[in-house]
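Notes follow the structure.
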Amino acid sequence: MKSLLTAILIAMISSFTFVGASASFAQTTSAVFMVYPVWGTQESPILAFPGASDLPLTLQIVYLGPLNIYDVNITYAPSFPLSSIPGQGNLSIFVPELQPGQDLTISGLFNVNNQSKNMDYNQNLTVSYKVLVQVPQLGQEFISERQNVSFKVPIIGSYSIKLVGFRTLPMALYSGMYAGGVTVFLTNDGNVPAKDVNITANFGSPLYPLSPSSNKAFLAYLPPGDVVNVTFPFAINYESSQPSPVNATVTLSIKTPIFSYNYSLPIEVKPAAYFKISSYDFAKMTPGSSDEYVNINLTNIGGSNAKFVTVTLIYNPIFEPYSPSSENPIIGAYSINETFYNIASGQTFTVSYIVNVASGIKPSTYYLPLLISWKQPPTMQTMYQIIDVPITVSSYSFFDGLMGDILIIIAGIVIIILIIMAVYGLRRK
């Protein structure tokens, strides 16, 4: 009996020793892995950056040994700042056997969190496998192993949108203009593309967008180093009927999914010439009358001189320039334009025209439109202004017609008397 108990005790001690030896052996033969992450591919690498989406990441996993391993299952579950695109989940690969020196590749598409920074981030993949070991007295046996393999993923890409310049359209804005534009020049000063760029021009008074959406622009893609220009048209709302110089500010707001930028753009509307009717007179006009004069005195009430001022009578249905049928059409056309070399600020000048009045119109006040064009110093930019001269067209009265008929009769009588006197004098001779 004693010998039996002794044998059992020896067997138990031998068993414990064996298990301990097996565990120690398994630890000393743990597999060694190296992971090499590449954004894109080895042939076409790319840079990852905060806020990027759908970026391809390739993991090259190299098994360094020391033994052959079996039933190898590798799983990569991304952690901050990476996340798999919807529907992809974790990446995994299985191989029945892996020998030292062999490598595996897994790849997928990932998004990079907006809150990440430019640095290397730790990531882990899990490797489970079996090792075939020699067990004393029992022979060979598979032992399951599991380990986490750490590696670093670089997030080193960045973009920076900068304003490199701006200009107004036209290059010089003058008081009296009611619309213009500002063109901004933007560049991406980073090393990766900027995506989903929203640009808004916020106009300060008295400027405002020319249309409800004309102050907004969207750039889907802005590559590094590229320069793009965006134009925002605007209108100018003068506080009084007489346009005056203006100093305004346009705030350029640029927003991306990650960054925001703001730039202030000073806009200057310079003083310019501006014309106003100081006085005028015209002949009594009736429907159908012709060869009637109109004299208009115009004054430059703007804050600048005007060069090469031309005042043109615009054709309209009520008043048309008078032109005798015998007159050269070129001379007739010239008669509707009057040009002056220089009109100083505060100076008054006069233009005169001969017009015909349309027949069949009702007596009322109608407008004679004048187009004023000039070169605005110092840039000599062409400027325009339209002035409407109110003209009263009176009714044709019976008395006016009667007086006209009487004058015609008197003129006829005088002519007849002259003829009779001439004939009578010849007979007396």
Side-chain angles (χ1 to χ4, degrees), residues 167-181 206-207 234-248 267-283 285 291-316 318-323 327-356 365-392:
R167 69 181 182 189
T168 58
L169 294 175
M171 292 292 290
L173 296 172
Y174 290 103
S175 58
M177 292 181 174
Y178 288 88
L207 310 182
F234 58 80
I236 307 174
N237 181 25
Y238 297 101
E239 295 180 357
S240 63
S241 58
Q242 178 182 341
S244 57
V246 171
N247 288 314
I267 304 296
E268 180 185 9
V269 180
K270 301 176 182 294
Y274 190 75
F275 298 95
K276 184 177 182 180
I277 299 173
S278 53
S279 62
Y280 66 101
D281 64 274
F282 52 90
M285 299 190 185
D291 194 11
E292 308 289 5
Y293 73 89
V294 180
N295 299 319
I296 307 110
N297 295 319
L298 299 170
T299 302
N300 178 6
I301 62 172
S304 178
N305 296 352
K307 295 287 188 180
F308 307 107
V309 179
T310 298
V311 184
T312 303
L313 174 63
I314 301 177
Y315 284 87
N316 63 93
I318 305 300
F319 306 104
E320 64 175 14
Y322 170 76
S323 178
E327 188 174 281
N328 188 320
I330 297 178
I331 298 177
Y334 178 78
S335 67
I336 68 173
N337 297 298
E338 293 196 48
T339 301
F340 305 83
Y341 172 70
N342 180 71
I343 301 297
S345 176
Q347 182 179 348
T348 299
F349 62 103
T350 303
V351 292
S352 300
Y353 299 100
I354 304 298
V355 298
N356 297 332
T365 298
Y366 298 94
Y367 291 91
L368 180 72
L370 301 180
L371 172 64
I372 306 176
S373 63
W374 70 95
K375 300 292 185 181
Q376 182 59 60
T379 62
M380 302 306 285
Q381 181 172 302
T382 303
M383 301 279 289
Y384 300 96
Q385 182 183 346
I386 293 179
I387 288 182
D388 291 321
V389 183
I391 302 292
T392 301

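Here the structure is a predicted model, which means the values were calculated and not measured. Keep in mind that the numbers below use all heavy atoms, side chains included, and drop hydrogens, waters and symmetry copies.
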Checking Tyr315 against Ile336 for the side-chain contact (heavy atoms from CB on, under 4.5 Å) test, could you report, in this order, the C-alpha distance in whole Å, the side-chain angles of both residues, the deciding distance, and whether it holds?
CA-CA 9 Å; Tyr315 284 87; Ile336 68 173; 3.8 Å; yes

Sub-4.5 Å side-chain heavy-atom contact between Val269 and Tyr238
yes

Check whether any side-chain heavy atom of Phe319 sits under 4.5 Å from a side-chain heavy atom of Leu313, and report yes or no.
no

If you look at every heavy atom in [X] and [Y], which pair is closest and at what distance?
{"X": "Pro206", "Y": "Val246", "result": "CD-CG1, 3.4 Å"}
{"X": "Thr379", "Y": "Ala172", "result": "CG2-CB, 4.0 Å"}
{"X": "Ser175", "Y": "Ala272", "result": "OG-N, 3.2 Å"}
{"X": "Tyr280", "Y": "Ile296", "result": "CB-CA, 3.9 Å"}
{"X": "Gly180", "Y": "Leu173", "result": "CA-CD2, 4.3 Å"}
{"X": "Phe282", "Y": "Met285", "result": "CB-CE, 4.1 Å"}

Tell me, with the steps shown, if Tyr293 and Ile354 meet side-chain contact (heavy atoms from CB on, under 4.5 Å).
CA-CA 4 Å; Tyr293 73 89; Ile354 304 298; 3.7 Å; yes

Of all residues at least two apart in sequence or in a different chain, which pass the side chain to side chain contact (heavy atoms under 4.5 Å, CB included) check with Ala235?
Tyr208, Leu210

Return the set of residues passing side chain to side chain contact (heavy atoms under 4.5 Å, CB included) with Asn247 (not counting sequence neighbours), or none when no residue passes.
Glu268

In chain order, what residues pass the side-chain hydrogen bond (donor to acceptor under 3.5 Å, both in side chains) check against [X], with sequence neighbours excluded?
{"X": "Ser373", "answer": "none"}
{"X": "Asn295", "answer": "Asp281, Ser352"}
{"X": "Lys276", "answer": "none"}
{"X": "Thr339", "answer": "Thr310"}

Which atom pairs, donor and acceptor, lie under 3.5 Å between side-chain atoms of residues 382-390 and protein residues at least two apart or in another chain?
unit_1, atom_1, unit_2, atom_2, d
Thr382, OG1, Lys375, NZ, 2.7
Gln385, OE1, Phe275, N, 3.0
Gln385, NE2, Phe275, O, 2.6

What residues, two or more places apart in sequence or in another chain, satisfy ring pair (Phe, Tyr, Trp, His ring centres under 6.0 Å) together with [X]?
{"X": "Phe308", "answer": "Tyr341"}
{"X": "Tyr174", "answer": "none"}
{"X": "Tyr367", "answer": "none"}

Side-chain donor-acceptor pairs of residues 297-306 under 3.5 Å, sequence neighbours excluded:
unit_1, atom_1, unit_2, atom_2, d
Asn297, OD1, Thr350, OG1, 2.4
Asn297, ND2, Ser279, OG, 2.6
Thr299, OG1, Ser278, OG, 3.3
Thr299, OG1, Thr348, OG1, 2.6
Asn300, OD1, Tyr274, N, 3.1
Asn300, OD1, Gly302, N, 3.0
Asn300, ND2, Ser304, O, 3.0
Asn300, ND2, Ile343, O, 3.3
Asn300, ND2, Ala344, O, 3.3
Ser304, OG, Gln376, NE2, 2.8
Asn305, OD1, Ser345, N, 3.0

Could you give me the CA-CA distance, side-chain angles and deciding distance for Tyr353 and Leu370, then say whether side-chain contact (heavy atoms from CB on, under 4.5 Å) is met?
CA-CA 11 Å; Tyr353 299 100; Leu370 301 180; 3.9 Å; yes

Spatial distance of atom CE (Met380) from atom CH2 (Trp374) [nearest 0.5 Å]
12.5 Å

Can you measure from CD (Glu292) to CD1 (Ile391) and round to the nearest 0.5 angstrom?
10.5 Å

